[in-house]
Amino acid sequence: MELFLLAIAAAALSVYLIRKHYSGYSIDHGFLVVNTGFSETRIPMSDIVEVVEMDQIVRQSTLKQTAEKIVGKQKHIAVFTRSNVSYLFVMKNTKRLIKSLKEQNPRVHIKARAKTKTKAKAI
């Protein structure tokens, strides 16, 4: 039983460290590069038209609230491009991303926070 609990704790810790290490963004040679987990998305800075930071109001279970206290709350950010392709990212440092995008491309329109209401499923 202790071995099983230790394995679960080790798996949870490794997932947390992988997501923390590999998630984030950078601006490289005119591209916004967003790393989420094991995938990488490259968006040309000249194509970005609008950025919206979204708050998600959710009735959360106690387990999810505890997990957010440990890991940290992540926010949603939507990036819209000229080619009618939109991207939705989940990350912690949305304010820094918006500030960096505005510095690199002053034509980017930043919208006020959009609030969405959802109900969480009971676990």
Side-chain angles (χ1 to χ4, degrees):
M1 183 65 168
E2 292 89 17
L3 185 61
F4 178 71
L5 291 175
L6 183 63
I8 289 176
L13 180 64
S14 64
V15 167
Y16 168 73
L17 291 175
I18 287 171
R19 288 193 62 167
K20 184 173 176 119
H21 178 70
Y22 288 109
S23 65
Y25 75 93
S26 63
I27 297 175
D28 186 34
H29 300 293
F31 285 90
L32 170 65
V33 181
V34 180
N35 296 315
T36 54
F38 294 108
S39 66
E40 179 180 282
T41 305
R42 297 176 65 84
I43 306 169
M45 290 292 291
S46 58
D47 281 354
I48 298 174
V49 176
E50 184 176 23
V51 178
V52 180
E53 184 180 4
M54 302 168 66
D55 283 340
Q56 193 171 16
I57 303 169
V58 180
R59 292 186 207 156
Q60 298 175 343
S61 65
T62 309
L63 179 63
K64 185 162 181 165
Q65 287 175 351
T66 305
E68 277 188 354
K69 287 178 185 175
I70 295 169
V71 177
K73 187 171 183 175
Q74 296 185 339
K75 295 185 179 181
H76 296 81
I77 190 164
V79 178
F80 299 97
T81 63
R82 291 183 205 279
S83 58
N84 285 336
V85 177
S86 58
Y87 300 91
L88 179 65
F89 300 111
V90 179
M91 59 179 52
K92 290 183 184 179
N93 50 1
T94 56
K95 291 195 185 303
R96 274 194 352 216
L97 172 64
I98 290 172
K99 186 177 179 181
S100 298
L101 283 175
K102 197 65 173 170
E103 288 173 358
Q104 294 287 322
N105 188 357
R107 294 177 296 163
V108 172
H109 178 68
I110 309 297
K111 264 195 173 177
R113 290 183 179 186
K115 293 189 178 187
T116 58
K117 291 185 179 183
T118 60
K119 290 183 181 179
K121 295 181 180 178
I123 297 177

- request: Check whether Val49 and Leu101 end up in the same hydrophobic cluster, where Ile, Leu, Val, Met, Phe, Trp and Tyr are linked by side-chain heavy atoms less than 4.5 Å apart.
  value: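 Looking at the clustering, Leu101 is in a separate group from Val49.
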message: Could you go through His109 and Phe80, starting from their C-alpha distance and side-chain angles, then the distance that decides it, and tell me whether this counts as side-chain contact (heavy atoms from CB on, under 4.5 Å)?
response: CA-CA 10 Å; His109 178 68; Phe80 299 97; over 6 Å; no
message: Which heavy atom of Asn105 sits nearest to which heavy atom of Ile48, and what is that distance?
response: ND2-O, 3.9 Å
Just distance, no hydrogens or angles: give the donor-acceptor pairs under 3.5 Å from side chains in residues 83-90, sequence neighbours left out.
from, atom 1, to, atom 2, distance (Å)
Ser83, OG, Thr81, OG1, 3.2

Side chain to side chain contact (heavy atoms under 4.5 Å, CB included) involving Val33 - partner list, sequence neighbours excluded: Ser26, Asp28, Phe31, Asn35, Glu40, Arg42
message: Could you check whether any side-chain N or O of Arg107 sits under 3.5 Å from a backbone N or O of Lys102, counting only pairs where one atom can act as donor and the other as acceptor?
response: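 No, Arg107 side chain to Lys102 backbone: no donor-acceptor pair under 3.5 Å.
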message: A side-chain contact here means heavy atoms from C-beta on lying under 4.5 Å apart; do Leu97 and Val51 qualify?
response: no
query: Taking Thr94 as the fixed residue, which of Lys99, His76, Glu53 is the one that meets the side chain to side chain donor-acceptor pair (under 3.5 Å) rule?
result: Glu53
statement: OG of Ser100 to NZ of Lys95, rounded to nearest 0.5 Å, is 13.5 Å
